[in-house]
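Data first, discussion second: the structure below is written as structure tokens.
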Amino acid sequence: MEALHEEMPFDLAFHPSSPLVATSLITGELYLFRYAAESQPERLFAAKSHKESCRAVRFVESGNVILTGSADCSILASDVETGKPIARLEDAHENGINRLVCLTETTVASGDDEGCIKVWDTRERSCCNTFHCHEDYISDMTYVSDSTQILATSGDGTLSVSNLRRNKVKSQSEFSEDELLSVVVMKNGKKVVCGTPSGALLLYSWGFFKDCSDRFLGHAQSVDTMLKLDEETLISGASDGVIRLVGILPNRIIQPLAEHSEYPIEALAFSNDRNYLGSISHDKMLKLWDLQDLLNRQQLVQDDKLGEQDSDDSDDDGMDVDMDPNSSKGSRSTKTSKGQSSDRPTSDFFADL
């Protein structure tokens, strides 16, 4: 199943309970589609949500509201039935918003172009945490609910761990040679995997984030997006347009699952029932793949640059360790000293929800 957009989509998100999928476009528009087996997605509406590019989209409030973040620094809440605005926060960040991630039923996090992460509490209707932990754009974020921590990757080449309970940046890696573009937590929380522009996957052991513990060179091009399939395998989307099934420890490309196009894959997402894998690319196309069909295909691995296979998990995984985010940074300074809650008043974003 596929649906063509008029312009390039930046992000996609599936509804938590209904067969709906939303996409955000470079033009600032928000699209909503209804999908069903053996038919093309039906576009329900196209709404002009932002003045500039709409880079991130997520469903909140049990799927009744769609949140979008934009390069114009605003966050918009839209009605899922009509696409009409419910509430808008014009200056959610001082810089363009690049990522949104849902934390709980009542909290979401946003990351911007200058490395700032903010947490929004829908009950208190305000910003409750602010973390200045990176020097460049926030490329990806994931939430670890067991420890109430946000893991974020950045264009500055570092991985950060922000603790919501303590309201501080708990750990931060050294600067890598590559930007870090995507992140997933694997191996029952013991490993953190990050994608890079060179195609390498960097593996960090939980609690020891100073430097990566392993480096897997299985992709020939940039790994822009990843999804965890289970604790042993992930699905990667690369700039060569290929979607791959990847094993972690042992590190190997298990098989290519699909080829979206010859253009970079911008985002991947699972439907709420995990029956479908959604992908968007620079070809302006939304594609919905039957996930089980992809996994059942017996394809031969033909990647020219497979990494070392059957690697042993030889890392000594330790308990969660607090580390000074400023340690081992050389002469490069970060903004971790600003990782506190903002004192300035915040707008009443969710007042109308």
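Owing to the predicted nature of the structure, the values given are computational and were not obtained by experimental measurement.
Sparse packing is recorded around CZ of Arg34, with 12 or fewer heavy atoms of other residues, nucleotides or ligands lying under 6.0 Å away.
Ring pair Tyr276/Tyr35: centre-to-centre distance below 6.0 Å.
The other members of the hydrophobic cluster of Phe10, by chain and number, are Met8, Ile26 (side-chain heavy atoms under 4.5 Å, ILVMFWY only).
The pair Asp11-Arg58 meets the salt-bridge criterion, with a side-chain N (NZ, NE, NH1 or NH2) lying under 4.0 Å from an Asp/Glu carboxylate O. Remark: Arg55 engages Asp113 in a salt bridge, criterion side-chain N to carboxylate O under 4.0 Å. Under the 4.0 Å criterion applied to side-chain N and carboxylate O atoms, Asp211 and Arg215 are not assigned as salt-bridge partners.
In this model, a donor atom of one side chain and an acceptor atom of the other lie less than 3.5 Å apart for Trp120 and Ser110. Counted by atom type alone, Ser182 and Thr225 present zero donor-acceptor pairs between their side chains at under 3.5 Å. Side chain to side chain, Asn272 and His15 fail the donor-acceptor criterion of an N or O pair below 3.5 Å.
The backbone N or O of Lys210 lies less than 3.5 Å from no partner atom in the side chain of Ser173, so there is not a single donor-acceptor pair. Between the side chain of Ser154 and the backbone N or O of Thr158, no donor-acceptor pair lies under 3.5 Å. Distance alone, capped at 3.5 Å, places no donor-acceptor pair between the Thr148 side chain and the Ser145 backbone. The backbone N or O of Leu203 lies less than 3.5 Å from a partner atom in the side chain of Ser213, making a donor-acceptor pair. Side-chain N or O atoms of Gln40 include one that pairs as donor or acceptor with a backbone N or O of Glu2 at under 3.5 Å.
Within the model, atoms CG of Asp230 and CG of Asn188 stand 10.0 Å from one another, a figure rounded to the nearest 0.5 Å.
With sequence neighbours excluded, the residues forming a side chain to side chain donor-acceptor pair (under 3.5 Å) with Asp140 are Arg99, listed by chain and number. Annotation: side chain to side chain donor-acceptor pair (under 3.5 Å) contacts of Lys228 (sequence neighbours excluded): Glu231.
Using bins of under 30°, 30° to 60° and over 60° for the plane-to-plane angle, the ring pair His5/Tyr31 lands in the parallel bin.
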